[in-house]
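Since the structure comes first, as structure tokens, the remarks are kept for the end.
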Amino acid sequence: MILNAIASGMAVKQSNSRIKLEATKALANSLPMVKKNFSHEKERHLIMSMIFNAAKSKDSNVRYASIQCLSEVARTYYKHLDSYMSGCYKVSTLNYADEILK
């Protein structure tokens with residue numbers, strides 16, 4: 001139920017950056033509680049897609065929160081990240097490059 005609300009706030013179609021930011025923070029804070037979800041590939045893919053999409057946001061605060069969330073995922077669920085490493089690399093380097101160019 002909580003994950004559904006977070007997914008709604010982080011949805012690509014969500015145009016309110018404040019809602020997207022708070023939803024991304026909420027996901028990071030709820031990661032310890034989604035262990036069961038992370039053990040199912042389909043649900044894990046949804047969570048990772050939410051993070052990757054947030055990392056492409058036009059709002060730098062949302063992008064920063066998504067990288068923090070990704071870091072927490074790596075710390076908590078590293079064993080499940082094998083198939084997401086290229087995506088992790090892509091969003092990390094894009095956001096890093098974006099910060100350097102500012």
Side-chain angles (χ1 to χ4, degrees):
M1 180 95 58
I2 292 172
L3 198 52
N4 289 337
I6 292 170
S8 176
M10 291 180 72
V12 174
K13 65 183 178 183
Q14 176 58 259
S15 59
N16 186 321
S17 291
R18 176 85 183 194
I19 291 173
K20 192 172 280 202
L21 174 62
E22 295 306 322
T24 304
K25 289 178 182 179
L27 178 59
N29 291 328
S30 67
L31 285 172
M33 298 177 284
V34 297
K35 185 175 186 175
K36 185 176 179 182
N37 303 85
F38 239 86
S39 66
H40 299 290
E41 184 179 0
K42 192 173 186 178
E43 293 178 42
R44 180 174 58 246
H45 183 70
L46 172 64
I47 293 168
M48 294 305 294
S49 294
M50 290 164 34
I51 296 168
F52 290 153
N53 286 331
K56 299 175 196 171
S57 174
K58 292 178 183 176
D59 186 314
S60 63
N61 292 318
V62 173
R63 290 193 312 270
Y64 182 76
S66 72
I67 295 300
Q68 288 181 312
C69 188
L70 185 58
S71 296
E72 186 62 25
V73 167
R75 189 180 71 75
T76 309
Y77 301 109
Y78 188 78
K79 68 181 181 179
H80 295 292
L81 289 184
D82 207 24
S83 60
Y84 301 100
M85 285 304 195
S86 66
C88 292
Y89 175 78
K90 187 181 289 185
V91 299
S92 297
T93 56
L94 286 175
N95 282 290
Y96 179 72
D98 183 51
E99 288 301 312
I100 288 181
L101 295 175
K102 284 186 176 183

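This structure is a prediction, so every number in the text was calculated from the model and none was measured.
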Plane angle bin for Tyr77 and Phe38 - parallel if under 30°, tilted between 30 and 60°, otherwise perpendicular: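 Plane angle under 30°, so parallel.
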[atom1] of [X] to [atom2] of [Y]: how many Å apart, nearest 0.5 Å?
X: Met50; Y: Leu3; atom1: CE; atom2: CG; result: 5.5 Å
X: Ser66; Y: Phe52; atom1: OG; atom2: CZ; result: 9.5 Å
X: Asn16; Y: Leu21; atom1: CG; atom2: CG; result: 10.0 Å

At their closest point, which heavy atom of [X] faces which heavy atom of [Y], and how far apart are they?
X: His80; Y: Arg44; answer: ND1-NH1, 3.3 Å
X: Gln14; Y: Gly9; answer: CG-O, 3.2 Å
X: Glu72; Y: Ala28; answer: CG-O, 4.1 Å
X: Ala23; Y: Met10; answer: CB-CG, 3.5 Å

Transitively linked via ILVMFWY side-chain contacts under 4.5 Å: [X] with [Y]?
X: Leu70; Y: Leu81; value: yes
X: Ile67; Y: Tyr89; value: no
X: Met85; Y: Val91; value: yes
X: Ile19; Y: Ile2; value: no
X: Val62; Y: Ile51; value: no

Flag, side chain of Lys20 to backbone of Ala11, donor-acceptor distance under 3.5 Å: yes
Pairs involving residues 23-42, ordered by first then second residue, that meet side chain to side chain donor-acceptor pair (under 3.5 Å) (sequence neighbours left out): Asn37-Glu43
Heavy-atom check, side chain of Leu31 versus side chain of Arg75, under 4.5 Å: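 No, side chains not in contact.
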Neighbour count >12 (heavy atoms, 6.0 Å) for atom CG, Leu46: yes
